[in-house]
Amino acid sequence: MSKPSIPKGTRDFGPKEMVRRNWIFQTIRSVFERFGFEPIETPAMENLATLTGKYGEEGDQLIFKILNNGDFLNKADKDAIAEGDSKKLSFSISKKALRYDLTVPFARFVVMNQHALPRPFKRYQIQPVWRGDRPGKGRYQEFFQCDVDIVGSNSLLNEVELVQIFDEVLSDLQIPNFNVVLNNRKVLAGIAEVANASEKLTDITVAIDKLDKIGEEKVKQELVNRGITEDQITALQPLFGMDGGNQAVLNQLASHLTDSEIGTKGVEELRYVIEYVERIGLRSANVKIDPTLARGLTYYTGAIFEVKVDDSPVGSICGGGRYDDLTGIFGLKGMSGVGISFGADRIYDVLEHFNLFPKEAGISTELLFANFGEAEEHWCMEILKDLRSQGLRAEVYPESSKLNKQMKYANDKGIPFVALIGSEELANKQITLKNMQSGEQTKLSAHDLFNAVRG
RNA sequence: GUGGCUAUAGCUCAGUUGGUUAGAGCGCCGGAUUGUGGUUCCGGAGGCCGUGGGUUCAAAUCCCAUUAGCCACCCCA
């Protein structure tokens, strides 16, 4: 028999991890709800046709396809088999696939339920997504996204509120030194237009996105490789030197893009959002405009967001942006939306790396009753019923094993208090309460137990 | 998809130019302690040396194949 294992890029979560993960999800959920978002869920699998063509050619390759049930071979594309064309074949043997993100299923959901939803519609969704990517540091094949989106509103106030949500969530989670990076797809379009290379927009954005990683020279080399001419690269030059704070960058961008209508619009949008956010003030977020931020997804049309943590072991922990016509491909035109996504797994990795999980995020049971025998146990159960009704997380050791073993159980499980009720305690109706951290023991009545543990 | 590295106890790893019974730390179990965990001391269990083949009197060690994992590139959350 072979050793059991799980697929690469997937993980089991033990009790300790789950308590911490739930704390992250709960924090995120609570902020989303405070901003008026409502929850939805969609199926893990979608029709393959719903997902294909939405994430670019590269993205399509990473979608996990589900093999048809039944006699799929009989219905398979014989030509594709003969030609050895696996990509073509896959569409004849697979009709369903695992969702790749939460935004496209959301777009489908909005189109299907358009008459039943309030406008604008503000939803949040916390579910796993799957990508057939090569796993690595901070990179999984199954991971959770926590999305908030607003559809049916063009107002830039939404962008402002999303920046506030970044700030609220990440501050509540005590993420240190995080930067909310801001750009606008219209600025990128303007840049390409001014360089007289509008049809090369994607190539340009993919290349300059790497600026902070590989440096100016290599970016230029990549631009050349992607077929950008010398003249066009010269026209892109001002991009490489932009710095000196958000206002300065905005001013430089504005003058660089005066001849581009769309670019100017993008700069105005950026300016509106950044000035609004600065007027209201943030708790701990550092907001930065970066005209080289591109992000891979093809459907963004306006604002683009990304959150990075200084000295982080993983890449970006959040992303998002505005899309003018996401629902268009499903038949509902002119519905603009804007949204952001929190990568819960990467947030976990960051908190773990900096050792920042609060202590209470590791505690499940608050109080354990040691078990000394039948008569003592009966009293424990009575007290437990009362304590649990008050909301205390408490349990009794299920058998009267050696105390040694019971104490070890409490210690292993990180239970902060143990109540000892032996024959003497039972006779006097006094409970011995042990504080597992200090080792200190006190005697008290059942009535005082709750406050002693919670105090 | 390309290149490099690794695979030995539950985990992290030692293991000499090939040589007798493959070790350590941590963890686990038991005892010191049948009313006290964590700390300390003592003891114990746990291994087809990733898998298949080859060289050799002899292989964890050398060679070939295979599988899995790690790092870099590419791409991305």
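Below, read A as the first sequence line, B as the second, and so on, with proteins coming before strands; counting in each chain starts at 1.
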By side chain to side chain donor-acceptor pair (under 3.5 Å), which residues pair with A/Asn371, not counting sequence neighbours?
-> A/Glu377
With rounding to whole Å, what would you report as the distance between B/rA45 and B/rG27 at their C1' atoms?
-> 13 Å
What is the distance from CG of A/Leu98 to P of B/rA77, rounded to the nearest Å?
-> 18 Å
Hits for ring pair (Phe, Tyr, Trp, His ring centres under 6.0 Å) against A/Phe417, two or more places apart or cross-chain, chain-then-number order -> none
In whole angstroms, how far is the P atom of B/rG69 from the CZ atom of A/Arg11?
-> 15 Å
Separation of the P atoms in B/rA58 and B/rG19, to the nearest angstrom | 14 Å
Considering residues at least two apart in sequence or located in another chain, which fulfil the ring pair (Phe, Tyr, Trp, His ring centres under 6.0 Å) criterion with A/Phe178?
-> none
A/Tyr124 and A/Phe32 aromatic ring geometry - parallel, tilted or perpendicular at 30°/60° bounds = tilted
The side-chain contact (heavy atoms from CB on, under 4.5 Å) partners of A/Pro416 (sequence neighbours excluded) come to A/Ile363
Hey, what's the ring geometry for A/Phe305 with A/Phe166, parallel, tilted or perpendicular (30° and 60° as the breaks)?
-> perpendicular
Rounded to whole angstrom, note down the C1' distance from B/rA60 over to B/rG23.
-> 12 Å
If each of A/Gly319 and A/Pro7 is mapped to the nucleotide of RNA chain B with the nearest heavy atom, which maps nearer the 5' terminus, i.e. the 5' end?
-> A/Pro7
Round to a whole Å and report the spacing from CD of A/Glu399 to P of B/rU34.
-> 18 Å
Under 3.5 Å, side chain of A/Glu161 to main-chain N/O of A/Asn158, donor-acceptor pair present?
-> no
Report all interatomic pairs (protein N or O, nucleotide N or O of nucleotides 35-39 of chain B) with separations under 3.5 Å.
from	atom 1	to	atom 2	distance (Å)
B/rG35	O6	A/Glu425	OE1	3.0
B/rG35	N1	A/Glu425	OE1	3.0
B/rG35	N1	A/Glu425	OE2	3.0
B/rG35	N2	A/Glu425	OE2	3.0
B/rU36	O2	A/Lys434	NZ	2.8
B/rU36	O2	A/Gln441	OE1	3.1
B/rU36	N3	A/Gln441	OE1	2.4
B/rU36	O4	A/Gln441	OE1	3.3
B/rU36	O4	A/Gln441	NE2	3.0
B/rG37	OP1	A/Asn404	OD1	3.1
B/rG37	OP1	A/Asn404	ND2	3.1
B/rG37	O2'	A/Asn411	ND2	3.3
B/rG37	N7	A/Lys434	NZ	3.4
B/rG37	N1	A/Met436	O	2.7
B/rG37	N2	A/Asn411	OD1	3.1
B/rG37	N2	A/Met436	O	2.5
B/rG37	N3	A/Asn411	OD1	3.3
B/rG38	O4'	A/Asn411	ND2	3.2

d(CD1, A/Ile24; C1', B/rA77) in whole Å = 15 Å
Gap in Å between the two P atoms, one belonging to B/rC49 and one to B/rU8, rounded | 11 Å
B/rG1 to B/rG10 separation - P atoms, rounded to the nearest Å = 32 Å
RNA chain B stem ranges, 3 or more consecutive Watson-Crick or G-U pairs under 3.5 angstrom | B:1-7 with B:67-73, B:10-13 with B:23-26, B:28-32 with B:40-44, B:50-54 with B:62-66
With rounding to whole Å, what would you report as the distance between B/rU21 and B/rG3 at their P atoms?
-> 42 Å
note: A/Arg99, atom CZ; B/rA77, atom C1'; distance rounded to Å ~ 15 Å
Taking OH from A/Tyr140 and C1' from B/rG69, how many angstroms apart are they, rounded to a whole number?
-> 16 Å
Nucleotide B/rA77, atom C1' - distance to CD1 of A/Ile340 in whole Å | 14 Å
Of all heavy-atom pairs between A/Leu356 and A/Gln174, which one has the smallest distance, and what is that distance?
-> CD1-O, 3.6 Å
Considering only atom C1', compute the distance from B/rC13 to B/rU6 and round it to an integer number of Å.
-> 12 Å
Donor-acceptor pair, side chain of A/Arg393 and main chain of A/Ser364, under 3.5 angstrom = yes
Do A/Asp101 and A/Lys54 sit within salt-bridge range, that is, some charged N less than 4.0 Å from a carboxylate O?
-> no
